[in-house]
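Following: one structure in structure tokens, then a few remarks.
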Amino acid sequence: MKSCTNHPGKTAYSICNNCKEDFCEDCLDEGKDFYYCKKEECQQKLKEELSSVYIPKYVVCHNCGSELELSEEEKEIRKVHCPECESLIDFNFTPPKILNKENYTEILSTLNQGDIALIKSILDDGNIDYFILGENFFGCETIIGTGKNFS
Ligand SMILES: [Zn+2]
Ligand SMILES: [Zn+2]
Ligand SMILES: [Zn+2]
């Protein structure tokens with residue numbers, strides 16, 4: 001039996017997912033999937049684990065109900081494009097934000113990455129609600145739209 005790094009007499013309960021040392025129950029904090037010890041850098045990892053939004057491999061489009069399989073890239077950017085109804089589901093928001101073409105006004109449709117970058121910076125500066133469709137699909141026409149309700 002291994003014993004706790006901090007308490008030599010106590011039986012280790014689990015390892016810290018960050019430093020991989022053995023610890024007793026008192027020395028561990030539980031994250032979503034793993035345990036972390038009380039060390040500052042390990043607590044930092046715990047915080048990251050707790051703040052990350054869990055994204056399953058399959059999601060149901062909140063707009064049309066079709067089942068979508070997420071690619072690694074989509075998990076990375078936390079956005080899923082539904083080919084059925086052309087919605088973009090953005091998991092960076094809780095609850096996930098549904099960006100549907102119908103709710104937005106198309107302001108630009110372009111293949112020019114320079115234009116896209118420029119417009120994004122303008123919209124970001126103005127705190128304007130917008131979405132970009134097709135940004136990550138090579139050779140795909142990119143459409144930038146803004147929310148109809150913004151004034
Ligand atoms: Zn640790
Ligand atoms: Zn301990
Ligand atoms: Zn859909």
Side-chain angles (χ1 to χ4, degrees), residues 5-6 13-23 25-151:
T5 307
N6 296 336
Y13 178 70
S14 181
I15 61 162
C16 165
N17 188 49
N18 189 50
C19 63
K20 310 290 180 199
E21 286 172 30
D22 296 281
F23 291 98
E25 235 174 318
D26 293 340
C27 296
L28 294 165
D29 285 325
E30 195 174 353
K32 274 182 195 158
D33 299 315
F34 302 103
Y35 287 99
Y36 293 89
C37 75
K38 311 282 185 190
K39 268 182 267 181
E40 208 175 301
E41 67 266 28
C42 302
Q43 287 286 313
Q44 189 56 40
K45 291 281 170 195
L46 170 68
K47 260 188 220 158
E48 281 170 27
E49 186 184 308
L50 290 174
S51 65
S52 69
V53 184
Y54 176 69
I55 300 179
K57 192 167 165 57
Y58 290 93
V59 294
V60 170
C61 172
H62 295 257
N63 193 49
C64 71
S66 22
E67 192 172 85
L68 309 168
E69 186 179 350
L70 274 67
S71 66
E72 285 307 313
E73 194 198 347
E74 285 173 326
K75 278 189 179 179
E76 188 84 8
I77 60 169
R78 298 170 178 278
K79 286 178 191 172
V80 188
H81 173 247
C82 172
E84 292 299 319
C85 65
E86 292 292 321
S87 291
L88 192 73
I89 306 162
D90 192 338
F91 288 95
N92 293 299
F93 297 89
T94 327
K97 197 167 163 182
I98 317 285
L99 304 174
N100 189 302
K101 258 183 176 176
E102 286 158 23
N103 298 329
Y104 286 81
T105 308
E106 185 178 322
I107 56 167
L108 180 80
S109 177
T110 182
L111 282 171
N112 185 326
Q113 292 295 321
D115 284 356
I116 295 165
L118 181 72
I119 288 185
K120 269 167 87 170
S121 73
I122 295 170
L123 294 172
D124 281 337
D125 280 352
N127 258 329
I128 293 165
D129 180 26
Y130 71 97
F131 79 100
I132 294 176
L133 205 64
E135 188 183 21
N136 299 288
F137 303 93
F138 180 74
C140 207
E141 191 173 47
T142 297
I143 295 164
I144 300 181
T146 53
K148 272 177 184 160
N149 300 325
F150 94 89
S151 49

Looking at [X] and [Y], what are the two nearest heavy atoms and their distance?
| X | Y | result |
| --- | --- | --- |
| Asn6 | Cys27 | ND2-SG, 3.4 Å |
| Cys37 | Cys42 | SG-SG, 3.6 Å |
| Cys61 | Ile89 | CA-CD1, 3.7 Å |

Measuring from atom [atom1] of [X] to atom [atom2] of [Y], what distance do you get when rounded to the nearest 0.5 angstrom?
| X | Y | atom1 | atom2 | result |
| --- | --- | --- | --- | --- |
| Ser14 | Phe23 | OG | CZ | 10.5 Å |
| Leu50 | Asp33 | CG | CG | 10.0 Å |
| Lys75 | Phe91 | NZ | CZ | 10.5 Å |
| His81 | Asp90 | NE2 | CG | 13.0 Å |

Whether over 12 other heavy atoms sit under 6.0 Å from Lys47 NZ: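 Atom NZ in Lys47 is not packed in, count stays at 12 or less.
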Within 6.0 angstrom of Glu40 CD, more than 12 heavy atoms from elsewhere: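 No - once you tally the heavy atoms of other residues, nucleotides and ligands closer than 6.0 Å, there are 12 at most.
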Taking side-chain hydrogen bond (donor to acceptor under 3.5 Å, both in side chains) as the definition, give me every residue that meets it alongside [X], ordered by chain and number, with sequence neighbours left out.
| X | value |
| --- | --- |
| Asn63 | Ser87 |
| Glu67 | none |
| Glu84 | none |
| Asn127 | none |

If the condition is side chain to side chain contact (heavy atoms under 4.5 Å, CB included), which residues does [X] pass it with, not counting sequence neighbours?
| X | result |
| --- | --- |
| Asp26 | Lys10, Cys24 |
| Ile15 | Lys20, Asp22 |
| Glu48 | Gln44, Lys45 |

Results of ring pair (Phe, Tyr, Trp, His ring centres under 6.0 Å) for Phe34 - residues two or more places apart only: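 Not a single residue meets the ring pair (Phe, Tyr, Trp, His ring centres under 6.0 Å) criterion with Phe34.
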Check: Pro83 and Leu68 side chains under 4.5 Å, non-hydrogen atoms: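 Answer yes - side chains close enough.
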Beyond-backbone contact of Cys82 with Ser66, side-chain heavy atoms, under 4.5 angstrom: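 Of all side-chain heavy-atom pairs linking Ser66 with Cys82, at least one is under 4.5 Å.
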My understanding is that only residues two or more places apart in sequence, or in another chain, count here; which of them pass salt bridge (Lys or Arg N to Asp or Glu O under 4.0 Å) with [X]?
| X | answer |
| --- | --- |
| Glu21 | Lys39 |
| Lys38 | Asp29 |
| Glu69 | Lys57 |

